[in-house]
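The structure under discussion appears below in the form of structure tokens.
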Amino acid sequence: MAISKKMEKAINGQINAEMYSSYLYLSMAADLNNKALAGFSNWMKIQAQEELYHAMKLYDFVLERGGSVTLDTIEAPQTEWKSPLAIFQAAYKHELLVTSLINKLMDLAIKEKDHATNNFLQWYVKEQVEEEASADEIVQKIKLIGSQGNGIFMLDKEMAARPPLFTFPVSGE
Ligand code: OFO
């Protein structure tokens with residue numbers, strides 16, 4: 001059964017929200033890099049890849065269900081934050097917003113008795129639990145060690161170890 005027009009519109013909106021999340025985290029990664037925190041920047045850059053993956057899963061789902069993908073303008077994200085703590089607090093807050101968007105999508109799937117979309121969205125419901133927890137964990141760690149000194153240096157090294165979801169070819173190759 002093809003996806004309803006209402007659900008198609010709602011999922012297209014979520015594709016845009018996930019693309020914005022990717023943009024936002026990429027902007028945060030750049031600011032973290034400028035703050036001489038290459039490891040934090042690495043973590044956030046990979047987070048931006050995760051968001052792209054979230055968007056692409058939705059994209060493929062709409063097409064698989066016989067719907068149309070309509071890409072809209074992606075809002076420009078903030079470019080500077082006052083500290084690494086402010087960045088991760090903003091990321092956590094953003095994840096709470098995304099959770100509420102996923103919940104609204106799920107509400108619509110339930111209302112429409114669209115079991116296929118409901119089943120598909122379960123993955124996002126679970127993913128949001130992890131996304132909230134990982135952003136909050138970093139907020140709590142920064143609070144514990146403070147924004148300066150050895151602790152932040154150690155945490156930066158830890159964050160540098162997060163492996164990428166995918167890699168790009170080295171430029172010039
Ligand atoms: Fe960070 O979960 Fe998608 O947006």
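Both ligands and their constituent atoms are indexed starting at 1 by order of listing. The structure displayed is predicted, hence computed values, not measured ones.
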Ring centre gap for Phe166 and Tyr53 strictly below 6.0 Å: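 No, the ring centres sit 6.0 Å or more apart.
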| said: Does any part of the side chain of Ile138, heavy atoms only, come nearer than 4.5 Å to the side chain of Met159, both counted from C-beta? | reply: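 The answer is yes, as the side chains (C-beta and beyond) meet within the 4.5 Å cut-off.
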Yes or no on salt bridge (Lys or Arg N to Asp or Glu O under 4.0 Å) for Lys111 and Asp107, after CA distance, side-chain angles and deciding distance? CA-CA 6 Å; Lys111 197 172 154 219; Asp107 288 345; over 6 Å; no
So among His94, Gln128, Glu131, which one has a side-chain hydrogen bond (donor to acceptor under 3.5 Å, both in side chains) with Thr99?
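When side-chain hydrogen bond (donor to acceptor under 3.5 Å, both in side chains) is applied between Thr99 and each of His94, Gln128, Glu131, only Gln128 qualifies.
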For Tyr20 and Ile74, which heavy atoms make the closest approach, and how far apart are they?
->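 Closest pair (atom of Tyr20, atom of Ile74, distance): CA-CG2, 3.8 Å.
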Metal site atom 3 (Fe) of ligand 1, protein N/O/S atoms found under 2.8 Å: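 Step by step: take atom 3 (Fe) of ligand 1, keep protein N, O, S below 2.8 Å, and you get 3.
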| message | Could you measure the distance from the CG atom of Leu52 to the CD atom of Glu18? Nearest 0.5 Å is fine. | response |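 Nearest 0.5 Å value for the CG-CD distance: 10.0 Å.
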